[in-house]
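Letters A, B, ... are given to chains in the order of the sequence lines, protein chains preceding strands, and every chain is numbered from 1. Only a predicted model underlies this, so the values are computations on that prediction, with no experimental measurement involved.
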2 protein chains.
Amino acid sequence: MVFQEERITEIGKKLHQAGMKLTPQRRATVSTLLEYQTKHLSAEELFTLIKQKEPEIGLATVYRTLDLLTELRIADRVTFEDGVARYDLRCEDHQHFHHHLLCSVCGKVEEIHEDLLVEVEQEVLHKYGFKVRDHRLTFHGICAACSKNIKQSN
Amino acid sequence: MVFQEERITEIGKKLHQAGMKLTPQRRATVSTLLEYQTKHLSAEELFTLIKQKEPEIGLATVYRTLDLLTELRIADRVTFEDGVARYDLRCEDHQHFHHHLLCSVCGKVEEIHEDLLVEVEQEVLHKYGFKVRDHRLTFHGICAACSKNIKQSN
DNA sequence: TACACAACTGACAATTTTTTTCATTTTTGA
DNA sequence: TCAAAAATGAAAAAAATTGTCAGTTGTGTA
């Protein structure tokens, strides 16, 4: 958990740069997001988990903190098919949001951290004059494991 | 509006194939979706508009119809930053969902109907074994008009 | 035609998710 | 030390969506 502490400190700095504080509630929220990276938890789910660390925290604070982190681009909000907002920490070294693979069979969400869209974004700039600063890309389909199962069962 | 009628009849056929009817309420919903294509209206917004055609319709029916159209892949649900579900008719000749350009300055949503992702999807198949069947791609950035304005004001 | 049945509907209640309000507490800087 | 600003929890409120249910409509079949 050494890396976690470093990461939290770093995020604390970003908050301070924006004139805000790393309160115990915010620390617990960030730490939980770190702990459950790639899990795409909703505000409610996070609230339940964060309360284990910081039992006094209220749901509204979790919402407020998540909004704050999203605004500062420390976290990203993403919505899959159920319509509930979910939260992901943005990777330190990536300025763009990562992509998701959503399996229609098992429902699993995989992450892709390479930036597949460099060329596409240049095309968008040339053809439409649109300057891309960020993106949301989710593929719907069948994951490797489920493809295998389908083949076997035939 | 000749094309609209054709399009509605065609969608009626799809419903029948699935064992469902093209009721007046559903017809009014589809027709409104056609009329306001590319507007990305929410269920509430559609409800207000549809009532002008079909005053007896209830909000629940609009939700039910939109769910139905989404399931039959006649329409697509998409969520932008405000978290509200919005609905787009899928283009007849496109089997994939189209893309969106969301301007952070003026808030406008443009559509891109060309499929920029063919190569990316092959890459995803090769690298991750994930068979893509559909996608959601939204670019966040600055549209051509706003870029121009920003330059001028400097 | 009559009838049975399934699809469909509107009204409204209920639920779920998110935001707002407000009184109180904490922190910070002068 | 003290005043202002920032942050918080609890609860109410708002917004979005879904479920319930009694009644209607349409369809196929005898």
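- For A:Glu45, the salt bridge (Lys or Arg N to Asp or Glu O under 4.0 Å) criterion is met by A:Arg86, not counting sequence neighbours.
- Atom CG of A:Leu68 and atom P of D:dA6 are 13 Å apart (whole Å).
- Distance B:Glu71 CD to C:dA7 P: 14 Å, rounded to the nearest Å.
- Near DNA chain D, defined here as any heavy-atom distance below 4.0 Å, the residues from residues 9-26 of chain A are A:Met20, A:Lys21, A:Thr23, A:Gln25, A:Arg26, listed numerically.
- Contact annotation for A:Leu59: base contact, defined as any heavy-atom pair under 4.0 Å involving a base atom.
- Atom OH in A:Tyr87 sits about 6 Å away from atom P in C:dT18, given to the nearest Å.
- Identified under the salt bridge (charged side-chain N to carboxylate O under 4.0 Å, His left out) test for residues 14-25 of chain A, with sequence neighbours left out: none.
- Remark: C1' of D:dT8 and CD1 of A:Ile50 are 14 Å apart, rounded to the nearest angstrom.
- Atom CG of B:Leu72 is separated from atom P of C:dA7 by 14 Å (rounded to the nearest Å).
- Rounded to whole angstrom, the span from the NZ atom of A:Lys51 across to the P atom of D:dT8 amounts to 16 Å.
- Atom P of nucleotide D:dT18 and atom CD of B:Glu44 are separated by 13 Å, given to the nearest angstrom.
- We find that CZ of A:Arg27 is positioned 17 Å from C1' of D:dA7, with the value rounded to whole Å.
- With sequence neighbours excluded, the residues forming a side chain to side chain donor-acceptor pair (under 3.5 Å) with A:Thr32 are A:Lys53, listed by chain and number.
- Follow the hydrophobic side-chain contacts under 4.5 Å out from A:Leu46 and you never reach A:Val84; the two are in separate clusters.
- Residue B:Leu116 shares its hydrophobic cluster (ILVMFWY side chains chained together at separations under 4.5 Å) with A:Leu101, A:Ile112, A:Leu116, A:Leu117, A:Val120, A:Val124, A:Tyr128, A:Phe130, A:Val132, A:Leu137, A:Phe139, B:Leu101, B:Ile112, B:Leu117, B:Val120, B:Val124, B:Tyr128, B:Phe130, B:Val132, B:Leu137, B:Phe139.
- By the rule that hydrophobic residues join a cluster once side-chain heavy atoms approach within less than 4.5 Å of another member, B:Ile57 and B:Met20 end up as members of one cluster.
- With sequence neighbours excluded, the residues that form a ring-ring contact (aromatic ring centres under 6.0 Å, His included) with B:His98 are B:His100, B:His113.
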Any protein N or O atoms within reach of nucleotides 20-22 of chain D? Criterion: under 3.5 Å, listing atom names and distances.
{"residue": "D:dT20", "atom": "O4", "partner": "B:Arg64", "partner atom": "NH1", "Å": "3.4"}

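- Between A:Gly58 and B:Tyr63, the residue whose closest nucleotide on DNA chain D is further toward the 5' end is A:Gly58.
- Every residue two or more places apart in sequence or in another chain that forms a ring-ring contact (aromatic ring centres under 6.0 Å, His included) with A:His99 is listed here: A:His135.
- Qualifying salt bridge (Lys or Arg N to Asp or Glu O under 4.0 Å) partners for A:Arg27, counting only residues two or more places apart in sequence or in other chains: A:Glu5.
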